[in-house]
Amino acid sequence: MEADGPAEEWRGWRAAAEEALYGPDGFYRRPEGPAGHFRTSVHASPLFARAVARLLCLVDEALGRPAALDFVDMAAGRGELAAGVLAALPADVAARTRVHAVEIAGRPGGLDHRIEWLPEPPRGITGLLFANEWLDNVPVEVAEVDAAGVPRRVLVRRDGSERLGEPVAEAEAEWLARWWPLPAEQGLRAEIGLPRDISWAAAVSRVERGLAVAVDYAHTADTRPPFGTLTGFREGRETAPVPDGSCDITAHVALDACAAYAPPGARLLTQRDALRALGVTGARPSLSLASARPEEYVRALARAGEAAELTAAGGLGDFGWLVRPVGVPGPAALFVDVPDHEEQ
């Protein structure tokens, strides 16, 4: 760790990442958008948007088919998921659906006029709030254990050099003690997920009736990594996290803490199980189809490959889905036969 430099250049990772990602010249305001640097489930296959559309239809049924049905896409990027869901909805559902894309960047050109572009989610949502890879980009402080066994805030400069600051205290110390206790071993690190818990609870509070879902890189109490997960992405490759606006800065999410912070009733699933419950499987088409209808076989084979990527162990299939029904039991019943990764 770097120990030199004026004190005013050093700040905690939360403030540094906030400016680097969302400031006037931040990474998420760049014209190429997130898709120019990394690939999410949304970009991997249209099957993902279709699965979310099916989930919205199930929420619609549970709500009794309201006159106005909301779909809220948190951290919408350039509106890819919002547009994909709208295109995949049955005509009668699409006609009643109000689609809201929530993103700090400006509205992209050519986006479907039916999609409302917002800087924050609307209030009184009746429908589905869906946050795909949002929480991992909510900036957090990083803690590291010093030589005396004390967890301290990690301070960082714009060039990515780090040094240790003051001991972690108050609410952040309480969060660490409950959700990510660090043994007194020098060099162990953790990301303090309290801002994500608060952000998730605030998003859930916008849902009046329906379902809130967060999908993200995740870990739980029994799988916390000993040195944290803070990293960067630039042009499709993982890189050092440097808070200068040139790269994405991300860290995996303690979804079990988020589930406990909001009102009770959430479930934690893997993406593999959630998507399978929504009809996405990697099953290959029958070989008999190859000779009877070869073009259809090729399309079905391509879909099977995309489904396999979305549900793959060690990849996208290991993502966590935090599912929180609000005021309706129906949507949660979709996953009734799916084993909980962790129940809260």
Side-chain angles (χ1 to χ4, degrees), residues 40-42 48-63 70-75 81 85 121 125-136 138 175 178-180 193-194 196-224 252-281 310-313 315-344:
T40 71
S41 296
V42 177
F48 189 80
R50 292 173 198 163
V52 176
R54 172 163 169 70
L55 181 58
L56 179 59
C57 289
L58 292 167
V59 173
D60 183 42
E61 292 174 9
L63 291 169
D70 293 307
F71 175 66
V72 180
D73 178 14
M74 294 291 296
L81 179 61
V85 168
I125 296 164
T126 299
L128 174 62
L129 180 145
F130 199 87
N132 184 61
E133 296 197 39
W134 166 51
L135 289 173
D136 69 297
V138 173
W175 190 95
R178 179 178 180 186
W179 294 109
W180 200 331
L194 182 59
R196 293 165 173 181
D197 300 351
I198 295 170
S199 295
W200 172 245
V204 171
S205 75
R206 298 293 179 103
V207 181
E208 186 171 301
R209 293 178 66 230
L211 193 69
V213 179
V215 180
D216 236 310
Y217 298 95
H219 46 64
T220 53
D222 57 346
T223 61
R224 304 282 190 238
H252 293 199
V253 182
L255 278 181
D256 50 346
C258 293
Y261 197 89
R267 295 188 65 186
L268 270 176
L269 316 168
T270 65
Q271 175 156 296
R272 181 181 314 105
D273 288 335
L275 288 184
R276 285 175 178 171
L278 292 166
V280 178
T281 71
L310 289 172
T311 59
L316 294 175
D318 290 343
F319 269 46
W321 278 46
L322 175 54
V323 180
R324 174 65 168 83
V326 180
V328 288
L334 168 68
F335 302 108
V336 70
D337 296 324
V338 177
D340 282 290
H341 181 58
E342 181 97 4
E343 271 197 18
Q344 297 293 339

Supply the atom-to-atom distance [X] [atom1] to [Y] [atom2], rounded to the nearest 0.5 angstrom.
{"X": "Phe319", "Y": "Leu255", "atom1": "CZ", "atom2": "CG", "answer": "10.5 Å"}
{"X": "Asn132", "Y": "Asp216", "atom1": "CG", "atom2": "CG", "answer": "7.5 Å"}
{"X": "Met74", "Y": "Leu81", "atom1": "CE", "atom2": "CG", "answer": "12.5 Å"}
{"X": "Trp175", "Y": "Arg196", "atom1": "CH2", "atom2": "CZ", "answer": "8.5 Å"}
{"X": "Tyr261", "Y": "Asp256", "atom1": "OH", "atom2": "CG", "answer": "15.0 Å"}
{"X": "Leu275", "Y": "Leu316", "atom1": "CG", "atom2": "CG", "answer": "9.0 Å"}

| task | Using the six-membered ring wherever Trp is involved, compare the ring planes of His252 and Tyr217 and label them parallel, tilted or perpendicular (cut-offs 30° and 60°). | result | parallel
What are the two closest non-hydrogen atoms of [X] and [Y], and how far apart are they?
{"X": "Val253", "Y": "Cys258", "value": "CG1-SG, 4.0 Å"}
{"X": "Gly210", "Y": "Leu63", "value": "N-CD2, 4.1 Å"}
{"X": "Ala51", "Y": "Leu278", "value": "O-CD1, 3.7 Å"}
{"X": "Gly265", "Y": "Pro325", "value": "O-CD, 3.4 Å"}
{"X": "Phe48", "Y": "Trp321", "value": "CE1-CZ2, 4.0 Å"}
{"X": "Val207", "Y": "Ala212", "value": "CG2-CB, 4.3 Å"}

Determine whether [X] and [Y] make a side-chain contact, defined as any pair of heavy atoms from C-beta on separated by less than 4.5 Å.
{"X": "Leu268", "Y": "Thr220", "answer": "yes"}
{"X": "Arg272", "Y": "Asp318", "answer": "yes"}
{"X": "Phe130", "Y": "Val215", "answer": "yes"}

| task | Go through Val85 and Leu56 one step at a time and tell me if the side-chain contact (heavy atoms from CB on, under 4.5 Å) criterion holds. | result | CA-CA 9 Å; Val85 168; Leu56 179 59; 4.3 Å; yes
| Would Val213 and Leu129 count as a side-chain contact (heavy atoms from CB on, under 4.5 Å) if you check the C-alpha gap in whole Å, the side-chain angles of each, and the deciding distance to 0.1 Å? | CA-CA 6 Å; Val213 179; Leu129 180 145; over 6 Å; no
| said: Between Glu208 and Ile125, does the side-chain contact (heavy atoms from CB on, under 4.5 Å) criterion hold? Intermediate values first, please. | reply: CA-CA 5 Å; Glu208 186 171 301; Ile125 296 164; 5.9 Å; no
| request: Decide whether Trp179 and Asp197 meet the rule of one side-chain donor and one side-chain acceptor closer than 3.5 Å. | output: no
| query | So, the side chain of Arg206 versus the backbone of Pro121: is there a donor-acceptor pair under 3.5 Å, distance only? | reply | yes
| message | Show, in sequence, the C-alpha distance, side-chain angles and deciding distance for Val326 and Leu211, and conclude whether the side-chain contact (heavy atoms from CB on, under 4.5 Å) test is met. | response | CA-CA 6 Å; Val326 180; Leu211 193 69; over 6 Å; no
